Number of protein chains: 2
Amino acid sequence: MSLRHGLLGLLAGRPMSGYELTAAFDRSLRYVWSAGHSQIYPELNRLLNEGLIEQVDEGARGRRTYATTEAGIREMRHWLLEMEPTRTGRNDAHLRFFFLWMLSRTEAEELLQVEREFHEADLQEYMAIAASDGDPPWGQLPIELGISYKEAMIRWLDWAIKEVRSNHRKKRPRVVPQKAG
Amino acid sequence: MSLRHGLLGLLAGRPMSGYELTAAFDRSLRYVWSAGHSQIYPELNRLLNEGLIEQVDEGARGRRTYATTEAGIREMRHWLLEMEPTRTGRNDAHLRFFFLWMLSRTEAEELLQVEREFHEADLQEYMAIAASDGDPPWGQLPIELGISYKEAMIRWLDWAIKEVRSNHRKKRPRVVPQKAG
DNA sequence: TGAGTCATGTAACCTGTTACATGATTTG
DNA sequence: CAAATCATGTAACAGGTTACATGACTCA
């Protein structure tokens with residue numbers, strides 16, 4: 001039930017159409033929650049029927065602009081303050097790391113290297129966003145989390161690549177933790 | 001299609017029954033991929049029909065032990081080397097951070113503090129596992145990733161708590177009084 | 001006027017979760 | 001012999017993805 005809370009939260013920021021919401025999901029929420037238009041439009045109609053959003057404008061090409069109602073804001077606060085988030089991970093990129101032993105040393109290294117490039121590119125993108133961004137009260141927080149996460153991934157991957165190269169089979173030194181602050 | 005690869009990979013490590021696989025998913029793969037027995041048993045039967053696993057033993061209480069076939073190992077290598085992993089995130093705990101502005105400063109701080117405790121507990125658990133673990137060639141790698149990730153989360157949360165405490169908001173949230181109870 | 005973009009929708013399919021259901025074996 | 005655990009399954013439902021479908025408006 002997080003699609004609705006993503007929509008409710010975005011609309012609480014400013015009124016938008018389904019089309020704009022689809023773009024907002026793809027632009028800013030993509031790495032924490034993704035949704036396509038085929039999921040968004042039916043959900044908007046459900047939220048409208050339940051009185052959690054209301055239509056505030058109608059434009060060209062059948063464009064309908066919605067805003068979060070007070071009931072919708074109450075629902076958001078309920079979700080934020082009283083609901084336990086789902087803690088079940090679902091990340092097939094990370095799942096692969098459990099089965100690296102099925103590959104040769106060079107294949108494993110190659111996989112980790114490709115992964116590193118992917119996270120490195122993301123990091124650059126996030127840093128560009130962080131430089132230009134941030135008007136809602138604590139708007140820079142999520143992007144900084146993205147940066148922290150990508151940096152941690154890259155540090156781990158660099159360590160993992162070294163491990164795979166040296167191919168030790170017994171006890172190994174830990175990844176060097178970064179100093180806080 | 002990652003459930004099947006989790007199963008195939010675990011069975012490539014050693015032959016197991018559906019019951020054992022359910023426990024293995026819950027024990028070691030939980031934070032990257034979770035699956036219950038109601039999903040595992042039908043999938044095992046599908047893998048069996050497709051010749052990716054084979055039954056290698058039959059025990060008490062109808063227990064059936066499976067192992068990955070050569071076709072199954074080929075499928076694993078194909079998944080590891082040639083398939084693009086899904087990059088769409090799905091994490092409602094992180095999604096909440098985008099909407100912290102809808103809370104008061106103390107509410108936001110409390111949410112972040114609870115989150116910190118959760119990750120701190122995970123970190124302790126992971127460190128205990130890391131101390132005792134590691135037989136397959138690069139078996140230490142995934143748990144070290146878990147540790148790196150949890151450490152990054154805690155560092156970010158500490159920073160975010162400070163931010164929320166010190167930075168005054170630019171815009172008042174549209175706070176609606178909550179219903180009692 | 002044709003291509004691109006804006007804008008909304010439905011349907012089939014796949015995956016995952018929760019609940020229901022059953023029986024065998026072990027252990028105290 | 002009762003309770004716990006081992007062991008496997010099905011069904012209903014919820015949520016998410018891909019494909020199909022349509023039309024309005026803008027701009028070159």
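Every value quoted in this text rests on a predicted model; they were computed, and no experiment measured them. Here is the naming used below: chain letters follow the sequence lines, and residue numbers restart at 1 for every chain.
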Over how many whole Å does the gap from [X] atom [atom1] to [N] atom [atom2] extend?
X: B/Leu47; N: C/dT15; atom1: CG; atom2: C1'; result: 15 Å
X: A/Trp33; N: D/dT17; atom1: CH2; atom2: C1'; result: 14 Å
X: A/Tyr19; N: D/dA24; atom1: OH; atom2: C1'; result: 13 Å
X: A/His5; N: D/dG15; atom1: NE2; atom2: P; result: 11 Å
X: B/Asp26; N: D/dC6; atom1: CG; atom2: P; result: 13 Å
X: A/Ile40; N: C/dT10; atom1: CD1; atom2: C1'; result: 16 Å
X: A/Leu3; N: C/dG16; atom1: CG; atom2: C1'; result: 16 Å
X: B/Glu43; N: C/dC14; atom1: CD; atom2: P; result: 13 Å

Report summary line: Of A/Pro42 and B/Ala35, the one whose closest nucleotide on DNA chain C sits nearer the 5' end is A/Pro42
Report summary line: For B/Ser2 and A/Asp92, the nearest pair of non-hydrogen atoms, with its separation, is OG-CB, 3.1 Å
Query raised in the report: To the side chain of A/Met1, which of D/dG15, D/dA7, C/dT17 is closest?
Result: D/dG15
Query raised in the report: Out of D/dA7, C/dC6, C/dT15, which has the shortest distance to the side chain of A/Arg61?
Result: C/dC6
Between [N] and [X], is there an OP1 or OP2 to side-chain N/O distance shorter than 4.0 Å?
X: B/Tyr41; N: D/dG9; answer: no
X: A/Arg64; N: C/dG9; answer: yes
X: A/Asn45; N: C/dT8; answer: no
X: A/Arg90; N: C/dT17; answer: yes

Query raised in the report: What nucleic acid atoms does A/Gly62 come within less than 4.0 Å of, heavy atoms only: base, sugar-phosphate, or nothing?
Result: sugar-phosphate
Requested in this report: Could you tell me whether B/Gly36 contacts a base, only the sugar-phosphate backbone, or nothing, with contacts defined as non-hydrogen atoms closer than 4.0 Å?
Outcome: nothing
Query raised in the report: What's the verdict on ring pair (Phe, Tyr, Trp, His ring centres under 6.0 Å) for B/Tyr31 and B/Tyr126, showing C-alpha distance, side-chain angles and the deciding distance?
Result: CA-CA 11 Å; B/Tyr31 292 102; B/Tyr126 289 6; 5.7 Å; yes
Query raised in the report: Would you call B/Arg105 and B/Glu163 a salt bridge, taking side-chain N to carboxylate O under 4.0 Å as the test?
Result: no
Query raised in the report: Taking the six-membered ring of A/Trp33, is the NZ or CZ of B/Arg90 close enough (under 6.0 Å from the centre) and on axis enough (within 45°)?
Result: yes
Query raised in the report: Will you find, in the side chains of B/Ser104 and B/Thr106, an N or O donor that is under 3.5 Å from an N or O acceptor?
Result: yes
Query raised in the report: For B/Glu20 and B/Thr88, take the nucleotide of DNA chain D holding the closest heavy atom to each; which residue's nucleotide lies nearer the 5' end?
Result: B/Glu20
Report summary line: When A/Ser38 and B/His37 are each assigned the nearest nucleotide of DNA chain D, the 5'-most assignment goes to B/His37
